[in-house]
S.K.: 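Quick one: this structure, given as structure tokens, is what I'll be asking you about.
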Amino acid sequence: MAYRVLGRAGPPQPRRARRLLFAFTLSLSCTYLCYSLLCCCDDLGQSRLLGAPRCLRGPGAGGQKLLQESRPCDPSGPTPGEPGAPSAPAAGAPSPRLSGSNHSGSPKLGTKRLPQALIVGVKKGGTRAVLEFIRVHPDVRALGTEPHFFDRNYGRGLDWYS
Ligand SMILES: Nc1ncnc2c1ncn2[C@@H]1O[C@H](COP(=O)(O)OS(=O)(=O)O)[C@@H](OP(=O)(O)O)[C@H]1O
């Protein structure tokens, strides 16, 4: 009884230490498992489920710096207009919507591509209003938040952007 009152109740020290060690190892394993799952999902979303790795064709003169980090296209692959290549949407037909992005709240599987249009403006210049007006159109898919690619994330390259 005196043993308990003095606060020495509970398992002996070696057993307690073993429990602590077990809990520590378990938490480490869980952390590693979560980390591995996240990395695995990222890989799946970027390459396996979306087909071949993205590449860029026909870099313009203005984008040379950005494209330095991008992978070149496989020269044996189909080029636009060739059989087997994805055909361009007909005029007036709804263009495919973007899905899956580094910037959207919930990434979905689908085609990832660079934007077809950018809204550039100064702070408090009304760019948000412009975006809201444009995105009313059903064929327009726009980001929910500003990506801040050119001022904060430029160094991450086009792979981050698309
Ligand atoms: N059509 C029109 N006419 C006049 N003023 C307008 C218009 N559209 C947007 N606004 C005002 O623009 C301010 C928001 O600009 P931005 O969206 O560029 O802001 S931000 O930089 O993204 O935070 C914001 O101003 P503040 O209210 O002072 O924040 C909006 O009220």
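Atoms within each ligand, like the ligands themselves, are counted from 1 in listed order.
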S.K.: Does ligand 1 have any N/O atom under 3.5 Å from a protein N/O, and what are those pairs and their distances?
M.R.:
unit_1: ligand 1; atom_1: 15 (O); unit_2: G126; atom_2: N; d: 3.1
unit_1: ligand 1; atom_1: 17 (O); unit_2: R128; atom_2: N; d: 3.1
unit_1: ligand 1; atom_1: 18 (O); unit_2: K124; atom_2: N; d: 3.4
unit_1: ligand 1; atom_1: 18 (O); unit_2: G125; atom_2: N; d: 3.0
unit_1: ligand 1; atom_1: 18 (O); unit_2: G126; atom_2: N; d: 2.8
unit_1: ligand 1; atom_1: 18 (O); unit_2: T127; atom_2: N; d: 3.1
unit_1: ligand 1; atom_1: 18 (O); unit_2: T127; atom_2: OG1; d: 3.1
unit_1: ligand 1; atom_1: 21 (O); unit_2: K124; atom_2: N; d: 2.8
unit_1: ligand 1; atom_1: 22 (O); unit_2: E146; atom_2: OE2; d: 3.4
unit_1: ligand 1; atom_1: 29 (O); unit_2: K124; atom_2: NZ; d: 2.9

S.K.: Who pairs with L118 by side chain to side chain contact (heavy atoms under 4.5 Å, CB included), at least two apart in sequence or on another chain?
M.R.: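 For L118, the residues satisfying side chain to side chain contact (heavy atoms under 4.5 Å, CB included) (neighbours in sequence not counted) are P115, V120, F150, Y161.
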S.K.: Please, which pairs that meet salt bridge (charged side-chain N to carboxylate O under 4.0 Å, His left out) have at least one residue in residues 126-135, sequence neighbours excluded?
M.R.: R128-E132, E132-R135
S.K.: Nearest 0.5 Å, what's the CG-CZ distance between L143 and F149?
M.R.: 12.5 Å
S.K.: Roughly how far, to the nearest 0.5 Å, is the NZ atom of K123 from the CD atom of E146?
M.R.: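 If I round to the nearest 0.5 Å, the distance is 7.0 Å.
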S.K.: List in chain and number order the residues that pass side chain to side chain contact (heavy atoms under 4.5 Å, CB included) with I119, two or more places apart in sequence or in another chain; answer none if no residue qualifies.
M.R.: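 With sequence neighbours excluded, I119 shows a side chain to side chain contact (heavy atoms under 4.5 Å, CB included) to T127, V130, L131, I134, given in chain and number order.
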